[in-house]
Amino acid sequence: MSHFLTIPAATVLLLFLITAASSSADPSETAALRAFKSSVKPASIPPSSCLATWNFSFDPCAAPRVTHFTCGVTCAAGRVVQLTLDSQGYSGTLTPLISQLSQLVTLDVGENDFHGPIPASIASLPNLRNLILRVNSFSGALPASIAAAKSLTTLDLARNSISGALPDLSPLESLTRLDLSYNKLTGALPRLPPNLNELALKSNSLSGQLTKSSFSELTHLMVLELAENSLSGAIPSWLFLLPSLQQIDLAKNGITSVSVAAPNSNSELVAVDLSYNKLEGNLPEEFADYAALRSLALSYNKLRGPIPWQYSRKGSTLRRLYLDGNYLNGSPPQGLFSGGGQVSGSLGDNCLRRCPAASELCLKSQKPASICQQAYGGKPKPKPKPKS
Ligand SMILES: *[C@@H]1O[C@H](CO)[C@@H](O)[C@H](O)[C@H]1NC(C)=O
């Protein structure tokens, strides 16, 4: 029966060899991890969580991680490269000593209950690529020094209470994803990081106009999410010509006009939402020339005049069209109702004549005649419909 003893003996030897082979953590990094854990309220650390396994009687970087530091921290050659917490409702602050983890590549404490400021010292982490603090209660301003964290590729601080103006982030040349949605940011958009693919600033209190100096270099921008802010002024035509742009969401702002230029031949623009603004003027017929555009929402503005016949011309890619809640008049182009309900959306709550009740697009009724007469200064005068 002696072979029953040799198996545990071999296992112990193996564990010993692995432990001996793995590097131990740098003392200042261990101190930083200790400070990190002590900034989290013990009562918010459930026994089954990653942080509960952090026991500083042991080396944070020593393998195997069977009973201690089993998760939350990853080392490479004795240096901490990742601090990725589980989502457990950890409540605490983020220690400025985090900057002692000088090889840190990823810091992710998302979906917990961290509060207090984002330490400015984070900016001194030269290898930090992913900073993910989303869904917590961080407050105060985004430190301007963050622009020095040159390795950042993802900055996700969505759903916190970050206030004040956005600092100039244009030095962050590796940043591809910036998400600060659902915070309390104010002021105008600064110059933006030039290589962004995704800019998400939904539901803040940003104001001012969209300026070329913010966007001019953003040739890789695919998603622009700026809904639910207080942006005003005109949407300039160059915005629609950013070469990689696929989605624009500027709904629920205070924008008063939009100009749309003829597209570049390789335009990738798929979806535009400008609903719930204060847009005046006629519907830009140029939207119909964007060869990839499938979804156009301009609901609840103050748009007037007829729906351009081009919106329903043969070969149109438009599949979702939301124009309800404006003062559009004339007869909608009949092409919208043929093609077996290819186009969904709404044309209701306008001043349209002959919107066929059988069409889903016309389910919502039109405005009362009195309101339409008022909007058109007496008599509704639809523009003559061009021949299609
Ligand atoms: C850490 O581990 C040591 C040795 O196993 C143990 O005595 C101590 O209670 C542990 N500390 C905590 C905070 O769990």
Side-chain angles (χ1 to χ4, degrees), residues 1-122 124-125 127-128 130-140 156-157 160:
M1 301 298 275
S2 65
H3 63 283
F4 281 111
L5 294 176
T6 60
I7 293 166
T11 309
V12 168
L13 181 65
L14 189 65
L15 287 183
F16 172 77
L17 288 175
I18 292 170
T19 310
S22 74
S23 332
S24 53
D26 176 288
S28 77
E29 299 212 342
T30 304
L33 290 176
R34 197 191 288 269
F36 177 86
K37 185 174 175 179
S38 354
S39 313
V40 177
K41 281 192 206 115
S44 72
I45 305 178
S48 60
S49 67
C50 285
L51 269 189
T53 72
W54 291 22
N55 179 328
F56 291 93
S57 307
F58 298 85
D59 187 306
C61 289
R65 298 151 166 277
V66 178
T67 50
H68 306 296
F69 297 98
T70 53
C71 54
V73 59
T74 308
C75 302
R79 309 299 294 270
V80 176
V81 291
Q82 253 194 55
L83 210 165
T84 303
L85 283 192
D86 43 347
S87 165
Q88 294 281 0
Y90 298 125
S91 171
T93 57
L94 186 55
T95 174
L97 293 180
I98 200 86
S99 62
Q100 285 181 21
L101 304 174
S102 64
Q103 302 303 305
L104 200 62
V105 174
T106 297
L107 174 58
D108 180 352
V109 303
E111 310 195 16
N112 279 294
D113 193 18
F114 282 84
H115 56 267
I118 296 169
S121 64
I122 282 184
S124 67
L125 292 169
N127 300 318
L128 189 66
N130 307 300
L131 178 56
I132 299 165
L133 309 179
R134 58 179 285 110
V135 199
N136 278 285
S137 303
F138 286 105
S139 59
D156 186 348
L157 311 179
N160 279 283

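Counting convention: from 1, in listed order, for ligands and their atoms alike. All values below come from the heavy atoms of this structure, side chains included, with hydrogens, waters and symmetry mates left out.
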- Message: Within the structure, is a non-hydrogen atom of Phe58 found at a distance of less than 4.0 Å from ligand 1?
- Response: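 In this structure, Phe58 qualifies as a contact of ligand 1 - some heavy atom is under 4.0 Å.
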- Task: Please determine which of Gln103, Gln100, Arg79 meets the side-chain hydrogen bond (donor to acceptor under 3.5 Å, both in side chains) test together with Glu29.
- Result: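 Of Gln103, Gln100, Arg79, side-chain hydrogen bond (donor to acceptor under 3.5 Å, both in side chains) with Glu29 is met by Arg79 alone.
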- Message: Is there a side-chain contact between Arg134 and Leu157 in this structure, where contact means two heavy atoms from C-beta onward sitting under 4.5 Å apart?
- Response: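 Not in contact.
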- Heavy-atom side-chain proximity of Leu94 to Ser39 below 4.5 angstrom: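 Counting from C-beta outward, Leu94 and Ser39 never come under 4.5 Å.
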- Item | Protein non-hydrogen atom found under 4.0 Å from atom 14 (O) of ligand 1 |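 Yes, at least one protein heavy atom sits under 4.0 Å from atom 14 (O) of ligand 1.
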- Query: What do you think, any protein heavy atom under 4.0 angstrom from atom 7 (O) of ligand 1?
  - Reply: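 For atom 7 (O) of ligand 1 the answer is no, since every protein heavy atom stays at 4.0 Å or beyond.
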- Query: Which protein heavy atom lies closest to atom 10 (C) of ligand 1, and at what distance to 0.1 Å?
  - Reply: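 The closest heavy atom on the protein side is Asn55 ND2, 2.4 Å.
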- Item | Candidate pair Asp26 and Val80, rule side-chain contact (heavy atoms from CB on, under 4.5 Å), full reasoning | CA-CA 9 Å; Asp26 176 288; Val80 176; over 6 Å; no
